Engineer: 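One structure, pasted below without further comment.
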Amino acid sequence: MGQQKMISVLWLACWISVAYSLHNRSRIVILVPVGEAVAISCPLLSSQQSNRNVTWYRNGSVIPLIADNYLRIHQRRNLLWLIPAKIEDSGFYECHIGNSETDGRELQVFENDDGLYFNKNAAYVQKLPLENNGNLVCPDLEYFESENSSLILQWSKAYSPGLFEDQRFRALEYILSINNVNESDKGIYVCQTTYTYMGKWYNVSRAINLITYASPLKLPQIIYPKNNSIEVELGSKVLIECNASGDTQEIFTAWEVNGTELEEFDDTLRVETYSHVSLSGKWIVGTKFNISVVKNKDYLTFLCFVWTPTFEGAAVYIMLQRPTKNIQGYLIGGLVSPILVILAAVLTYKIFKVDIVLWYRQSCQPLFRKEVSDGKLYDAYVVYPSNVANCMYSSDIFVLKVLPEVLEKQCGYNLFICGRDDLPGQAVITVVDEAIRLSRRVIIVLVPDSYSNKVQRDTNEQQIAIYNALIRDDIKVILILLDKIKDYANMPEPIKYLKQRHGVLIWKGDFSEQSQLATTKFWKNVRYRMPVRHSPPSLDHQLMPVTLTATWISEG
Ligand SMILES: *[C@@H]1O[C@H](CO)[C@@H](O)[C@H](O)[C@H]1NC(C)=O
Ligand SMILES: *[C@@H]1O[C@H](CO)[C@@H](O)[C@H](O)[C@H]1NC(C)=O
Ligand SMILES: *[C@@H]1O[C@H](CO)[C@@H](O)[C@H](O)[C@H]1NC(C)=O
Ligand SMILES: *[C@@H]1O[C@H](CO)[C@@H](O)[C@H](O)[C@H]1NC(C)=O
Ligand SMILES: *[C@@H]1O[C@H](CO)[C@@H](O)[C@H](O)[C@H]1NC(C)=O
Ligand SMILES: *[C@@H]1O[C@H](CO)[C@@H](O)[C@H](O)[C@H]1NC(C)=O
Ligand SMILES: *[C@@H]1O[C@H](CO)[C@@H](O)[C@H](O)[C@H]1NC(C)=O
Ligand SMILES: *[C@@H]1O[C@H](CO)[C@@H](O)[C@H](O)[C@H]1NC(C)=O
Ligand SMILES: *[C@@H]1O[C@H](CO)[C@@H](O)[C@H](O)[C@H]1NC(C)=O
Ligand SMILES: *[C@@H]1O[C@H](CO)[C@@H](O)[C@H](O)[C@H]1NC(C)=O
């Protein structure tokens, strides 16, 4: 987008340079190597399209050089041609218009240095300030172009191949532009083309000796913008400004938008330029315009070009944007809110998971009832440390009174409780193993010191139950602690493992009526871990162990 404008800016700079060189042209000697084609224009004619007739003379001669194309030196299109030039052609050539106007150019034909395509002592001197951008101009070659429009000019620097690998160099026809000229850019540059005349090829070249000098002038500094974007509401008013500071007033600015000049983009915009000297002695140059009512078409990038006669130009942009809150609103509406809804749903489920599952089971219970039996007799097998001394431990009350009250009476589960449902005298291991096999869950009730201060029977029972639960993964374990345990490190390894795998429920209730309600948080959590009830609670669970015992006996 900015490219076109950059080129037009360059052209302007180029034009200034050319005009500059034209101004002093009559004083500049034409320097050409021997054997090349030369065309000399009359300084009296500002353009070759002039209808005025020019007559050329060699200095001191009264015989005009005539318009005979077959002569080596002849006049054609008001130009004097020497094809090719010889050493003896060096000298002054006069051009006359009418009887009164007369001017001329000096030509110097020289031999190139040995083995080279230039003579370092016969080169055009061009000076460029350091640390600025500058142009080298290939002089007096434009006449060859009008003869053959496909003139291709090649630029090179003596002893330095690959000139254009340095990005600071750019060739534009007769101009070689150099960005940020530095000391090492000094030297001989050659611009070269070929010219065909009467079926013969001739070289056309100019050697330029670039001399650099410390510039009193620095590059202008762009103050604002620095490629910013500004947010403006539709319909509001905005002032767009661009300014720079430099050593002279000769700093030029121009606006471009959407690849065209500002006035072309919108002819209602009025650009105002200003310049003044700042307190620090620098020139401040700026350009600004108002967009009184911002329309949709105005949300574009406005390019500001800044250049000086010796500084080819820089571009900065300022971008108009819609306020971002619209974008945020869109994002929240279109993207963020569904994520929030999902998050909220996940959180809600995490928090109310137990209630949701219990509610679901309750409302869909009729469906589960129709399920085929899984061959299990008990919903849970309960393991607990029974009393050590003769006094009633809280675990006994919990397991023998509270647990049946809630899970059996209120929820209709069918439990196998060791010590209640087994018959005395039976081989404990057989009973336990068989009962666990017939249970859907194992409830392990732990009293804080039950694992450190236990009788042998409990240990065996528990160990077998735990062992079974551990090796038969299909049975789920519900760990209930009757008190907070401060130090889990003292627990036996299997318990630690089960805690990690299935979690632990802590009974903090007393033995009041209140804490024996199936709707309290603790019991909801137990019920959540319990299986879906398979059979209606009408079964007489008290009879089950008897039947069971009978089978063992018959088996044994
Ligand atoms: C152009 O000519 C003027 C005098 O007419 C001189 O002061 C100036 O230095 C010349 N410029 C160049 C680039 O030779
Ligand atoms: C220029 O010369 C041509 C013939 O050589 C002549 O026809 C023409 O009138 C002349 N023009 C002027 C302006 O003298
Ligand atoms: C033209 O030639 C004369 C003598 O022939 C000489 O004095 C004069 O300096 C020359 N003019 C130029 C501009 O070379
Ligand atoms: C222009 O140059 C090309 C080669 O670049 C050549 O073939 C052609 O003859 C030239 N035309 C004229 C009018 O000299
Ligand atoms: C000039 O600029 C070129 C390219 O940036 C760099 O390689 C070179 O060293 C510079 N020379 C001096 C004298 O600063
Ligand atoms: C033209 O210049 C090149 C070097 O740039 C040289 O090799 C060639 O011989 C020259 N041609 C003529 C006809 O002088
Ligand atoms: C340059 O333009 C900016 C933006 O409008 C402004 O704030 C600043 O005052 C201007 N600087 C000068 C030196 O005028
Ligand atoms: C922009 O508008 C303000 C007031 O609305 C006015 O003072 C200023 O001169 C205007 N600037 C231009 C460049 O039109
Ligand atoms: C910008 O330029 C393109 C073509 O270069 C044109 O199609 C488009 O309408 C222009 N936009 C505006 C807002 O002028
Ligand atoms: C601003 O952007 C232009 C091109 O769009 C770039 O050439 C220039 O270096 C940038 N300037 C800054 C200060 O980023």
Side-chain angles (χ1 to χ4, degrees), residues 1-10 13 127-134 136 155 157-171 176-189 210-215 218-232 236-249 251-260 262 269-292 294 300-307 311-321:
M1 179 162 68
Q3 212 71 15
Q4 280 173 319
K5 184 72 189 197
M6 278 306 267
I7 287 164
S8 62
V9 166
L10 267 172
K127 297 176 183 176
L128 290 178
L130 289 166
E131 290 165 48
N132 276 248
N133 300 347
L136 294 183
W155 283 92
K157 189 184 179 191
Y159 315 114
S160 122
L163 179 67
F164 295 101
E165 279 164 20
D166 188 338
Q167 300 286 308
R168 296 178 304 123
F169 290 88
R170 264 185 304 165
L176 177 70
S177 91
I178 311 171
N179 280 346
N180 195 13
V181 173
N182 76 23
E183 202 76 40
S184 60
D185 297 334
K186 289 190 298 196
I188 305 285
Y189 292 78
L210 170 60
I211 290 169
T212 59
Y213 62 96
S215 167
K218 298 280 177 259
L219 298 178
Q221 295 295 308
I222 295 172
I223 303 167
Y224 184 88
K226 290 206 178 332
N227 293 350
N228 322 48
S229 61
I230 48 176
E231 290 174 8
V232 281
S236 64
K237 181 190 157 151
V238 64
L239 175 74
I240 299 181
E241 185 169 1
C242 172
N243 49 29
S245 74
D247 295 324
T248 65
Q249 194 178 2
I251 301 170
F252 306 100
T253 54
W255 286 103
E256 183 201 278
V257 60
N258 199 25
T260 61
L262 189 70
L269 298 175
R270 295 284 164 262
V271 178
E272 201 180 90
T273 56
Y274 58 88
S275 64
H276 60 84
V277 180
S278 70
L279 289 175
S280 62
K282 289 261 182 190
W283 277 94
I284 306 289
V285 171
T287 175
K288 57 186 177 181
F289 61 93
N290 284 322
I291 299 179
S292 43
V294 173
L300 289 171
T301 299
F302 294 80
L303 272 174
C304 172
F305 290 90
V306 177
W307 73 98
F311 169 64
E312 163 227 87
V316 282
Y317 65 78
I318 187 161
M319 206 192 289
L320 285 200
Q321 285 186 332

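These numbers were taken from a predicted model, which means no experiment stands behind them. We count ligands from 1, going down the list as the structure has it; atoms in each ligand are counted the same way.
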Engineer: Roughly how far apart are Trp255 CH2 and Thr287 OG1, rounded to 0.5 Å?
Structural biologist: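 The OG1 atom of Thr287 is 6.0 Å from CH2 of Trp255, to the nearest 0.5 Å.
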Engineer: Can you list the ligand 5 atoms lying under 4.0 Å from a non-hydrogen atom of Asp166?
Structural biologist: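 The atoms of ligand 5 under 4.0 Å from a heavy atom of Asp166 are 4 (C).
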Engineer: Could you tell me whether the side chain of Lys226 and the main chain of Val316 form a donor-acceptor pair under 3.5 Å?
Structural biologist: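 Not at all, since once roles are kept as given, no pair shorter than 3.5 Å links the two residues.
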Engineer: Show which atoms of ligand 5 fall inside a sub-4.0 Å distance from at least one heavy-atom site of Ser184.
Structural biologist: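 Every atom of ligand 5 under 4.0 Å from some heavy atom of Ser184: 1 (C), 8 (C), 10 (C), 11 (N), 12 (C), 13 (C).
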Engineer: Backbone or side chain, does any N or O of Asn182 fall under 3.5 Å from an N or O of ligand 5?
Structural biologist: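 Yes: some nitrogen or oxygen of Asn182 is under 3.5 Å from one in ligand 5.
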Engineer: We want to know whether Ser184 and Asn182 form a side-chain donor-acceptor pair, criterion being a heavy-atom distance below 3.5 angstrom.
Structural biologist: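 Their side chains do contain a donor-acceptor pair, which is all the 3.5 Å distance test asks for.
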Engineer: Hey, does Tyr317 come in under 3.5 Å of ligand 10, counting only N/O atoms on both sides?
Structural biologist: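 The answer is no, given that Tyr317 and ligand 10 share no N or O pair closer than 3.5 Å.
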Engineer: Could you report the tightest heavy-atom contact between Trp155 and Leu136, atom names first, then the distance?
Structural biologist: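 Shortest heavy-atom separation between Trp155 and Leu136 comes out as CH2-O, 3.9 Å.
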Engineer: Can you list everything that forms a salt bridge (charged side-chain N to carboxylate O under 4.0 Å, His left out) with Lys288? Sequence neighbours excluded, please.
Structural biologist: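 In terms of salt bridge (charged side-chain N to carboxylate O under 4.0 Å, His left out), with neighbours along the sequence ignored, Lys288 is linked to no residue.
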Engineer: Where does the angle between the aromatic ring planes of Phe302 and Phe289 fall among parallel (under 30°), tilted (30 to 60°) and perpendicular (over 60°)?
Structural biologist: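 Correct class here is tilted.
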Engineer: Could you go through ligand 7 and note, for every N or O atom, any protein N or O atom closer than 3.5 angstrom, writing the atom names and distance to 0.1 Å, or 'none'?
Structural biologist:
from	atom 1	to	atom 2	distance (Å)
ligand 7	2 (O)	Asn243	OD1	3.4
ligand 7	2 (O)	Asn243	ND2	2.3
ligand 7	5 (O)	Glu241	OE1	2.6
ligand 7	11 (N)	Asn243	ND2	3.0

Engineer: Any side-chain to backbone donor/acceptor pair from Asn228 onto Ile318? Under 3.5 Å, distance only.
Structural biologist: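 No, the answer is negative, given that no donor and acceptor are paired below the 3.5 Å cut-off.
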Engineer: Should we count CD of Gln321 as having more than 12 external heavy atoms under 6.0 Å?
Structural biologist: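 Check passes, neighbour count above 12.
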Engineer: Side chains of Leu320 and Ile240, heavy atoms from C-beta outward: is any pair under 4.5 Å?
Structural biologist: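 Counting from C-beta outward, Leu320 and Ile240 do come under 4.5 Å.
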Engineer: Just to be sure I read this right, does ligand 10 sit under 4.0 Å from the backbone of Ala315, its side chain, both, or neither, counting only heavy atoms?
Structural biologist: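 The answer is the backbone.
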Engineer: Below 3.5 angstrom, do we get any N/O pair linking Glu183 and ligand 5?
Structural biologist: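 Such a contact does not occur with ligand 5.
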